[in-house]
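Here's the structure we're looking at; comments come further down.
Each chain gets a letter, A, B and so on, in the order the sequences are listed, and its residues count up from 1.
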Amino acid sequence: MSGTIKVLNVAEKPSVAKSVSGILSRNQGLRVRDGRSRFNRIFEFNYSVRGQPCHMLFTSVTGHLMELEFEDRFRKWHSCDPADLYHAPVRKHVPEDKMDIKRTLEEEARRCQWLVLWLDCDREGENIAFEVIDVCRAVNCHLTTRRARFSALIEREIHHAMQNLVDPNQWFSDAVDARQEIDLRIGASFTRFQTMMLRDKFVIDSATDDRNLVLSYGPCQFPTLGFVVERYWEVQSHEPEEFWTINCSHKLDEGVATFNWMRGHLFDHTCVVIIYEMCVQEPTATVTAVRHQEKRKYPPYPLSTIELEKRASRYFRMSSEHTMKVAEDLYQAGFISYPRTETDCFSSRTDLHLLFWKLNLIGMPCWILKAIVQEQQEHPEWGSYAQRLLDPRTSLWRNPSSGGHDDKAHPPIHPTKFSTGEHNWSQDHRKLYDLVVRHFLACVSQPAVGAETTVEIDIAGELFSTSGRVILERNYLDVYRYESWGGSMIPTYTLGQQFIPTSLTLDTGVTRPPPLLSEADLLSCMDKAGIGTDATMHDHIKKLLDRFYATKDSNTRFSPTKLGEALVMGYDDMGHELWKPNLRSMMEFDMKEVSVGNKRKDEVLATCLQQMKACFLDARLNKVKLLEALAVFFERSNQAAGDDNHAAGEVVRQCGLCRESSMVLKKNRDGNFMVGCLGFPQCRNAIWLPGSVLEAAVTSNICGSCNPGPVYLIQFKFRQLEIPPGFNANHLGCIGGCDDTLRQLIEICGTGSRMSARGRGPTTTSSNVQRSSSRQGACLYCQQTGHFSNDCPSQFSGSRNSRSRTNSQNGEPSVPCSTCGTPCVLRTANTANNRGRKFYSCPSQDCNFFIWEDDHNNGSGGRSIPRAGINGSASNSSRGGGGRGRFGQNGARAADVTFVSATGDPISGRRCYVCGDPSHFANVCPNRGM
DNA sequence: GCAAGGTC
């Protein structure tokens, strides 16, 4: 074998390896042996490339060989802040179930000189090609790597590809790399964020075990959900509107003609009544036009995957996911062609492709198509139709028309083997095989022909029309029983003929909402917007059902679940279009630019991820919108408060102690805020914030002085009466050590958790030791060392939690709150103007009574400082929710909407979260303020 | 436990 080159050939799937080996070897000297994977066998034969004798080894992968994933330390959900996932290192690796294929490639690559890649000629195929290259080059760096380009499994094309090998296309592969990385980072970050934030806070009753519930986000699944929700909202917001119309009928011996008013219908009752009365007063009808036309109803285009799914859903109510599973079975058993195809035309190439299936048939394309028809002649149901098709005297044959799509890889779905039904077929296998065969026979048939007559009449100046149809030739309708074309007879009329109508009625009706989306509608929406591929659309639909985001009724129509609607509502209230298809469309546009070399992968990745991270951070900053939306539909969980401590918070900075995890802002069981390390319990670094903090949210502002950065500033809102006068209730603070105001408040007011008796003593102590190292001096009150100001023996009270103890310990007379009567707490101010001055404040959360001790002693009445009420805070948080057209295009607003289901039943559990009124949502609540 | 894309 000296001078013979050993060539390792790799195809994307086993069937292609087998087909190409058969073509190249001409089935001469073709041997086959098993590899390590039982699906991916190895074919061996000799071949000559431009005079160079080659020993060919031909094997395959099964789609992608590798997966993209985060490095180990980012893979656990609590290992990092989800925002870190936008820059966490990722790696491609071969998953365990593909290791046997990898080993086969390695073993064969070691003893070869060339590697020829026969992956599908699309972007994914090119990416898989590079995965194969990576694996093979790792064990044999001397491999010469070439790419075979082919678009059909036909002899001429395959030989041409082998004799004209090219280089793999890096741009195509780069586009897929970018898509994979973006999908992973966006999907994982949003999924972790919304799952960890929402799952335990609400009783999500749709799931049987909400502990395992995953609230996933994906750039394909969410727009798919968006389509469902948007249509649902349209249905919900529809306001039935009454309209009126005039109908006319004319009964003769030969039949009845029903004439429709050519104005259709009007919404102005008075106007219609006036016109109607005119007609009644002068009811003589004059025929003003009689038109005869020949109409054709054309057969469908050749069958693509999406059409197969849509038609199986429409005709058999089969889910797209189940359809693809059954189609895969039929394909594997050889009864139908490859079921994942975008092609809906039998172009010359795909005709030649069919030639491969029908070896030895040479001639015009229609002969090849006819060979398939020929095979069906013996079928008991459509055999006679197939015979008629092939009989030139019937003129039933017609070359199929083109739907205009060609993926250059696979022909339209068509039958490849005759069957009257196999013993192991289910009813669904039979139905789907029938559909594929009947569809194919219909495609190559003449259209149905009908004679249509239209008659127009004039009554008192108003025009009416009617039409009738007689089917002259059924043609393809004879075999394609799924479609019908109604025929209706009308009497004969002549131009100028006059008659008195049998009836002239003024009728009324109401407008109806659009129907909920059917599975076929949903597939159309996805196809139009470019969501998913023909091979994955059904997966995205199934995912909506699996995640409890949507349900499908017996009529295959989709409604969002409360969970699905709440999630979309939450993001919509934020003003984000994360649930709309635009994001995916923009990504696809960028991928296209990478694949043609107009943009670089790194450039697109950087831009896209930067934008998505900003979007993520903004969404997290506005997470209250999601919480509010969930609260519309679900009860708060009992665990909600308790588990807040464990929920992932917003990142403030990298932990300076363990240097591995992030420090995040959290709210504890007792309602107090702290900044803790995500590495807990391994790392116990924590900063306890003042107990007087009412609200705290991490902002995107970064402290300019604290290191190591970035340290994100926190927007605090303090309870006004729990901080000394002179301090502002709103404070943008830094926990990095530079913020004197915050430091003083911590020391004056104390921290909630330190004082709470929850047995966290050792932990709290150690973490406060951590914290104490960063601050200067000692007690701010008495300037003594050995204690902090909140424990200062020279003042009576320090923290909110020690108020009652301090009072009772010191036997302070309790002053009743003049507003609510609750005994007040005596506290000490520590501001520049009032240092040491004592004041009473009401401990009640709902009361703001405040009085200086000396004013009280002087008989002053004190004052009550207004605090934002429930309505006030709700109005702030829900502002901006309305007016974005959520409730359809006709301007209907939620305030006008009565919430009823599609069946007319009132929907329970849905109410305005501002005032509780079930008749509207909060975005249009009259009580929410501006 | 997260995505979407191949394919068995």
Taking any heavy-atom pair under 4.0 Å as a contact, classify [X]: base, sugar-phosphate, or nothing.
X: A:Asp120; result: sugar-phosphate
X: A:Arg123; result: nothing
X: A:Gly125; result: nothing
X: A:Tyr217; result: sugar-phosphate
X: A:Leu68; result: base
X: A:Arg185; result: nothing
X: A:Lys543; result: sugar-phosphate

Atom-to-atom span, [atom1] of [X] to [atom2] of [N] - whole angstrom:
X: A:Leu225; N: B:dA3; atom1: CG; atom2: C1'; result: 15 Å
X: A:Glu124; N: B:dA4; atom1: CD; atom2: C1'; result: 8 Å
X: A:Arg192; N: B:dA3; atom1: CZ; atom2: P; result: 11 Å
X: A:Gln180; N: B:dG6; atom1: CD; atom2: P; result: 10 Å
X: A:Phe70; N: B:dC2; atom1: CZ; atom2: C1'; result: 8 Å
X: A:Glu67; N: B:dC2; atom1: CD; atom2: P; result: 12 Å
X: A:Gln221; N: B:dC2; atom1: CD; atom2: P; result: 10 Å
X: A:Phe130; N: B:dG6; atom1: CZ; atom2: C1'; result: 17 Å

Please state whether the phosphate of [N], meaning OP1 or OP2, lies under 4.0 angstrom from any side-chain nitrogen or oxygen of [X].
X: A:Thr533; N: B:dG6; value: yes
X: A:Thr536; N: B:dG5; value: yes
X: A:Thr195; N: B:dG1; value: no
X: A:Tyr338; N: B:dT7; value: yes
X: A:Arg547; N: B:dC2; value: yes
X: A:His78; N: B:dG1; value: no

Partner residues of [X] under the salt bridge (Lys or Arg N to Asp or Glu O under 4.0 Å) criterion, sequence neighbours left out:
X: A:Asp122; value: none
X: A:Lys613; value: none
X: A:Glu603; value: none

Check your understanding: Which ones in residues 590-607 of chain A lie close to DNA chain B, meaning a heavy atom under 4.0 Å from one of its atoms?
Key ->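 Those residues: none at all.
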Check your understanding: Under the 6.0 Å and 45° cation-pi test, does A:Arg636 pair with A:Phe202?
Key ->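 Judged by the rule (NZ or CZ under 6.0 Å from the ring centre, within 45° of its axis), A:Arg636 counts as positioned above A:Phe202.
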Would you list the atom pairs, donor with acceptor, under 3.5 Å between side chains in residues 32-39 of chain A and any protein atom, with sequence neighbours excluded?
residue : atom : partner  : partner atom : Å
A:Arg33 : NE   : A:Glu44  : OE2          : 2.5
A:Arg33 : NH1  : A:Glu108 : OE2          : 3.2
A:Arg33 : NH2  : A:Glu44  : OE2          : 3.3
A:Arg33 : NH2  : A:Glu108 : OE1          : 3.1
A:Arg33 : NH2  : A:Glu108 : OE2          : 3.3
A:Asp34 : OD1  : A:Arg41  : NE           : 3.1
A:Arg36 : NE   : A:Glu107 : OE2          : 2.5
A:Arg36 : NH2  : A:Glu107 : OE2          : 2.7
A:Ser37 : OG   : A:Phe39  : N            : 3.3
A:Ser37 : OG   : A:Asn40  : N            : 3.4
A:Ser37 : OG   : A:Asn40  : OD1          : 2.6

Point to revise | Pair A:Asp534-A:Arg340, salt bridge (charged side-chain N to carboxylate O under 4.0 Å, His left out): steps then yes or no | key: CA-CA 7 Å; A:Asp534 55 313; A:Arg340 286 183 284 273; over 6 Å; no
Closest nucleotide among [options] to the [X] side chain:
X: A:Arg199; options: B:dG1, B:dT7, B:dC2; answer: B:dG1
X: A:Trp77; options: B:dG1, B:dT7, B:dA4; answer: B:dG1
X: A:Arg584; options: B:dA3, B:dG5, B:dT7; answer: B:dG5
X: A:Val214; options: B:dC2, B:dG5, B:dG6; answer: B:dC2
X: A:His540; options: B:dT7, B:dA3, B:dA4; answer: B:dA4

Exercise for review: Can you run down the salt bridge (Lys or Arg N to Asp or Glu O under 4.0 Å) pairs that involve residues 170-181 of chain A, sequence neighbours left out, and say none if there aren't any?
Suggested key: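 For residues 170-181 of chain A, and leaving out neighbouring residues, the salt bridge (Lys or Arg N to Asp or Glu O under 4.0 Å) pairs sorted by first residue read A:Lys92-A:Asp177, A:Glu124-A:Arg179, A:Asp177-A:Lys601, A:Arg179-A:Asp183, A:Glu181-A:Arg185.
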Review point. Is A:Tyr433 reaching over with its side chain to a backbone N or O of A:Leu330, donor-acceptor style, under 3.5 angstrom?
Key: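 It does not hold such a pair.
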Check your understanding: Any Lys/Arg nitrogen of A:Asp546 or A:Lys543 sitting under 4.0 Å from an Asp/Glu carboxylate oxygen of the other?
Key ->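 Here A:Asp546 does not pair with A:Lys543 in a salt bridge, since their nearest N and O are not under 4.0 Å apart.
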Point to revise | Of A:Phe39 and A:Ser189, the one whose closest DNA chain B nucleotide lies more 5' | key: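 Looking at DNA chain B, the more 5' nearest nucleotide goes with A:Ser189.
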Review point. Does A:Ser15 or A:Gly532 map to a spot on DNA chain B nearer the 5' end, using the closest nucleotide for each?
Key: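 In this pair, the answer is A:Gly532.
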